[in-house]
Visitor: 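Okay, handing you the structure first.
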Amino acid sequence: MIPNVEILEGSAGPWTVEKFEVTGILGSFRDAFSGRYCPPGTYTRLKHTARGIVMSDTPAEKNDHYTFVRKAAGHVLINGLGIGMCLNAVLKKDGVTKVTVVEIDADVIRLVGPNYSSDERVEIIHSSAFDYRPPKGIR
């Protein structure tokens, strides 16, 4: 189970984190069977002024990341911070000793990173996933 995130709302550069309410079921009948529907509730989303909604903690988004979170153990590498949904979930697992998050956008780090900075296991690196190289000996 991946929990909803509990982070502060705010903005940094073109990015905004905000809560939103779904009052009716979003999605089609077919979506209900594929896990892509969204039941009523309060969710959190990350929006970009030009690109729109980039990340949320809706059930469909959680379903997309379930296998990763389930298998996470030891030192975990996450490419992309988003709203920290995966980060939050793996931090709740026994056996996760460290989490390195690689995020390309400094504004996303400034906006979302402080919500996770109190956990000493978290390291957020400002870099592209394609450019990042772990320190020698780290796997």
Visitor: Is the backbone N or O of R70 less than 3.5 Å from a side-chain atom of K93, with the two atoms forming a donor-acceptor pair by type?
Guide: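 Yes; judged by distance alone, with no hydrogens or angles, the pair exists.
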
Visitor: In terms of hydrophobic clustering (I, L, V, M, F, W, Y; side-chain heavy atoms under 4.5 Å; direct or indirect links), are I104 and V108 co-clustered?
Guide: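 No; tracing contacts between hydrophobic side chains, which count when under 4.5 Å, never links both residues.
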
Visitor: Just how far is it from atom CZ of R51 to atom CG of L46, taken to the nearest 0.5 Å?
Guide: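 The CG atom of L46 is 8.5 Å from CZ of R51, to the nearest 0.5 Å.
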
Visitor: Restricting to non-hydrogen atoms, name the atom on K92 and the atom on P3 that form the minimum distance, rounded to 0.1 Å.
Guide: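 Taking every non-hydrogen atom into account, CE-CG, 3.7 Å.
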
Visitor: Taking only residues two or more places apart in sequence or in another chain, which ones pass side-chain hydrogen bond (donor to acceptor under 3.5 Å, both in side chains) with K19?
Guide: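 T44.
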
Visitor: For E120, look at atom CD and say whether over 12 heavy atoms of other residues, nucleotides or ligands are found less than 6.0 Å away.
Guide: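 Open: at most 12 neighbouring heavy atoms sit under 6.0 Å from CD of E120.
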
Visitor: Can you measure from CD (E6) to CG (D57) and round to the nearest 0.5 angstrom?
Guide: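 Reported value, rounded in 0.5 Å steps: 9.5 Å.
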
Visitor: Flag yes if L87 and F68 sit in one hydrophobic cluster, no otherwise; membership is Ile, Leu, Val, Met, Phe, Trp, Tyr, and two members link when side-chain heavy atoms are under 4.5 Å apart.
Guide: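 L87 and F68: one cluster.
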
Visitor: Which residue pairs satisfy the ring pair (Phe, Tyr, Trp, His ring centres under 6.0 Å) criterion with at least one member in residues 96-139, sequence neighbours excluded?
Guide: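 Matches after skipping sequence neighbours: none remain.
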
Visitor: Measuring from atom OG1 of T42 to atom CD of E21, what distance do you get when rounded to the nearest 0.5 angstrom?
Guide: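 One finds 3.5 Å between OG1 of T42 and CD of E21.
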
Visitor: Same cluster for M55 and L77 if Ile/Leu/Val/Met/Phe/Trp/Tyr side chains link at under 4.5 Å?
Guide: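 No, it is not one cluster - the side chains of M55 and L77 are not joined through contacts under 4.5 Å.
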
Visitor: How about T100 and I138: do any of their side-chain heavy atoms sit closer than 4.5 Å?
Guide: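 No, side chains not in contact.
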
Visitor: State which residues pass side-chain hydrogen bond (donor to acceptor under 3.5 Å, both in side chains) with T16; sequence neighbours excluded, sorted by chain then number.
Guide: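 Residues passing side-chain hydrogen bond (donor to acceptor under 3.5 Å, both in side chains) with T16: S11.
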
Visitor: Closest heavy-atom contact between L81 and G113?
Guide: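 Scanning both residues completely, I find the closest heavy atoms to be CD2-N, 3.8 Å.
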
Visitor: Using salt bridge (Lys or Arg N to Asp or Glu O under 4.0 Å) as the criterion, list what pairs up with R121, not counting sequence neighbours.
Guide: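 If we apply the salt bridge (Lys or Arg N to Asp or Glu O under 4.0 Å) test to R121, skipping adjacent residues, the hits are D119.
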
Visitor: Where is the tightest heavy-atom contact between D105 and D107, given as atom of each residue plus distance?
Guide: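 That closest heavy-atom pairing would be OD1-N, 2.8 Å.
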
Visitor: With sequence neighbours left out, what residues match K62 under salt bridge (Lys or Arg N to Asp or Glu O under 4.0 Å)?
Guide: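 Testing K62 for salt bridge (Lys or Arg N to Asp or Glu O under 4.0 Å), a comparison that skips the adjacent residues, returns none.
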
Visitor: Treat each ILVMFWY residue as a node, draw an edge where side-chain heavy atoms are under 4.5 Å apart, and state whether V54 and M85 are in one component.
Guide: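 Looking at the clustering, M85 is in the same group as V54.
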
Visitor: Atom CZ in R110, atom CD in E103: separation rounded to 0.5 Å?
Guide: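 Interatomic distance, R110 CZ to E103 CD, rounded to 0.5 Å: 11.5 Å.
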
Visitor: What pair of heavy atoms forms the shortest contact from V102 to S127, and how long is it?
Guide: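 Smallest interatomic distance, heavy atoms only, reads CG1-O, 3.2 Å.
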
Visitor: Do you know which two heavy atoms are closest between I83 and I7, and how far apart they sit?
Guide: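 Scanning both residues, the minimum pair turns out to be O-CD1, 3.7 Å.
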
Visitor: Under a 4.5 Å side-chain heavy-atom rule over Ile, Leu, Val, Met, Phe, Trp and Tyr, are I2 and L91 clustered together?
Guide: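 Linked, I2 and L91 end up in one cluster.
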
Visitor: Could you tell me the separation between the CG atom of N115 and the CG atom of L111, rounded to the nearest 0.5 Å?
Guide: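 Answer for the CG-CG pair, N115 versus L111, is 7.5 Å.
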
Visitor: Looking only at heavy atoms, what is the nearest atom pair of A89 and V69, with distance?
Guide: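 For A89 versus V69, the nearest heavy atoms are CB-CG1, 3.7 Å.
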
Visitor: Mind checking salt bridge (Lys or Arg N to Asp or Glu O under 4.0 Å) for K98 and listing every partner two or more places apart, or none if nothing turns up?
Guide: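 In terms of salt bridge (Lys or Arg N to Asp or Glu O under 4.0 Å), with neighbours along the sequence ignored, K98 is linked to E123.
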
Visitor: How long is the span from the SG atom in C86 to the CG atom in D64, to the nearest 0.5 Å?
Guide: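 One gets 9.5 Å once the value is rounded to the nearest 0.5 Å.
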
Visitor: Mark yes when over 12 heavy atoms from residues, nucleotides or ligands other than Y43 sit less than 6.0 Å from its OH; otherwise mark no.
Guide: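 Atom OH in Y43 is crowded, with more than 12 foreign heavy atoms closer than 6.0 Å.
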
